[in-house]
Amino acid sequence: MSQLLIRGGRPLNGVAAISGAKNAALPEMCAALLTREPVHLTNVPRLHDVRTMRGLLDNMGVVTETHGARGGMSFAAPDGLCTEAPYDLVRAMRASVLVLGPLLARFGEATVSLPGGCAIGSRPVDQHIKGLQAMGARIVVEHGYVIARLPEGRTRLMGARITTDMITVTGTENLLMAATLAEGETVLENAAQEPEVVDLAEMLIKMGARIEGHGSGRIRIQGVQQLRGCSHQVVADRIEAGTFACAVAACGGQVLLQHARADHLEAVLDKLADAGVRVQAQGDGLLVHSPGGAHLAAQSFRTTEYPGFPTDMQAQFMALNAVARGTATVAETIFENRFMHVDELARLGARIAVDGRVATVTGGAQLSGAAVMATDLRASASLVIAALVARGETLIDRIHHLDRGYDAMETKLRGLGADIERITQ
């Protein structure tokens, strides 16, 4: 069991390198199932979820290796793989469902446990199932497993026009991967437009897939007989970049976020600029300069699908709003249970009132250190930001949530001048 001990009140200055995006790396690891040829990834973040996905692929018979100093991993998925993803490996991470599409497309069958993950609300896989059924798959859900097969006599999925009932990132990714080996054309309507989806599509194109329209709400895929191996660099993590930008904004200081991309963070950067933070492109990254949270103006926002304000940045920006001047409202439209961090922020002195899916933050709070508990991945990050500002010591428990999505966060923050250490009991 690990905890973070933070002594707040220090500005942040220096350079922090933004790691590869977890939400790109995980589907790209699964994409290796689509070919028997080796797939090489670089800039893979060192995260618990990546280790979990690697364990799942290893269990199926994929040969995985770690190499190089820049997050290098290689994958070789031979014929005859085990096509089952069992509950004991899937339950810890809902992204495990991303093996469903590739397994079904290449091997004609897949048995995948219904996934788990953070307790931030319902994230059903029915849209994945609906799309694969439209491509001809025969699917039943029983005993906690999704069991998918091709019809007797068929060796490939069939192209189809698929319109999901909602925008779903993992659903788009699963169907995109499945469609690359389907017979004919697949059109994904209401597709997710996130940079991680675009990065996956670019990797698949390197593997020989024929894809157009990625980054828009309509993706066209012309299926091919087989895909080849490739080398691909995982895109930088926009949520990690946004988290560090909020930390600098709250604490004050000047930090260069290497590899961060402004075009992936426009909604967040616009709000930071409105608050009074200076952000400018500099070389391969973003330079963030802030006078500190007490000199900033609180900003209202509403989470929505990309390119809108990301739900994965809601908690971090709420921590910033707590110390900024004025009052702001935060509307959460993506997940119904994503205000669990509010009570923990209140223990540090934040003034936040919740009414359904809307939180009202009264800024200008003088935060003080306390013992708090992380409830999910992004909630963990919001507590770190608040603790960096708070007077005295803050002890954050259950930081295994943080380790699911941030690569060596405390090491990077310590390099910027933060007084932060990990305590292992």
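Keep in mind that this is a model prediction, so the values were computed, not measured.
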If you round to the nearest 0.5 Å, how far is [atom2] of [Y] from [atom1] of [X]?
X	Y	atom1	atom2	value
Leu402	Gln3	CG	CD	13.0 Å
Asp237	Tyr406	CG	OH	7.5 Å
Ser380	Glu344	OG	CD	10.5 Å
Met93	Leu56	CE	CG	7.0 Å

Count the heavy atoms belonging to other residues, nucleotides or ligands that lie under 6.0 Å from [atom1] of [X], then report whether that count exceeds 12.
X	atom1	answer
Gln225	CD	no
Gln133	CD	yes
Arg36	CZ	no
Glu189	CD	yes
Asp355	CG	no
Arg351	CZ	yes
His40	NE2	yes

**OP:** Among Arg338, Arg238, Lys22, find the one that has a salt bridge (Lys or Arg N to Asp or Glu O under 4.0 Å) with Asp312.
**Re:**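 Result for salt bridge (Lys or Arg N to Asp or Glu O under 4.0 Å) with Asp312: Arg338.
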Subject >> Test salt bridge (charged side-chain N to carboxylate O under 4.0 Å, His left out) applied to Arg154 and Glu183, step by step >> reply: CA-CA 10 Å; Arg154 290 213 60 85; Glu183 185 176 334; 3.0 Å; yes
Report the residues that fulfil side-chain hydrogen bond (donor to acceptor under 3.5 Å, both in side chains) with [X], sequence neighbours left out, ordered by chain and then residue number.
X	value
Asp284	His259
Asp58	Thr64
Asp263	Arg261
Asn43	none

Subject >> The single option from Glu28, Met207, Glu202 passing side-chain contact (heavy atoms from CB on, under 4.5 Å) against Cys230 >> reply: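 So, applying the side-chain contact (heavy atoms from CB on, under 4.5 Å) to Cys230 and each of Glu28, Met207, Glu202, only Met207 qualifies.
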Quick one: side chains of residues 144-153, donor-acceptor pairs under 3.5 Å with protein atoms, not counting sequence neighbours, listed by atom name and distance.
from, atom 1, to, atom 2, distance (Å)
Tyr145, OH, Tyr87, N, 2.9
Arg149, NH1, Ala110, O, 3.4

Electrostatic pair [X]-[Y], nearest N-O below 4.0 angstrom:
X	Y	answer
Glu410	Arg422	yes
Asp165	Lys130	yes
Lys412	Glu240	yes
Arg106	Asp79	yes

Original post:
Taking it one step at a time, do Ser382 and Gln316 satisfy side-chain hydrogen bond (donor to acceptor under 3.5 Å, both in side chains)?
Top reply: CA-CA 4 Å; Ser382 75; Gln316 301 93 305; over 6 Å; no
**OP:** List for me each residue that meets ring pair (Phe, Tyr, Trp, His ring centres under 6.0 Å) alongside Phe301, sequence neighbours excluded, and say none if there are none.
**Re:**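 Here the qualifying residues are Phe309, Phe317.
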Subject >> Asp376 and His401: side chain donor to acceptor below 3.5 Å >> reply: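 Checked: Asp376/His401 side chains show no N/O donor-acceptor pair below 3.5 Å.
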**OP:** For the residue pair Met53 and Cys30, establish whether any side-chain heavy-atom pair is separated by less than 4.5 Å.
**Re:**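 In contact.
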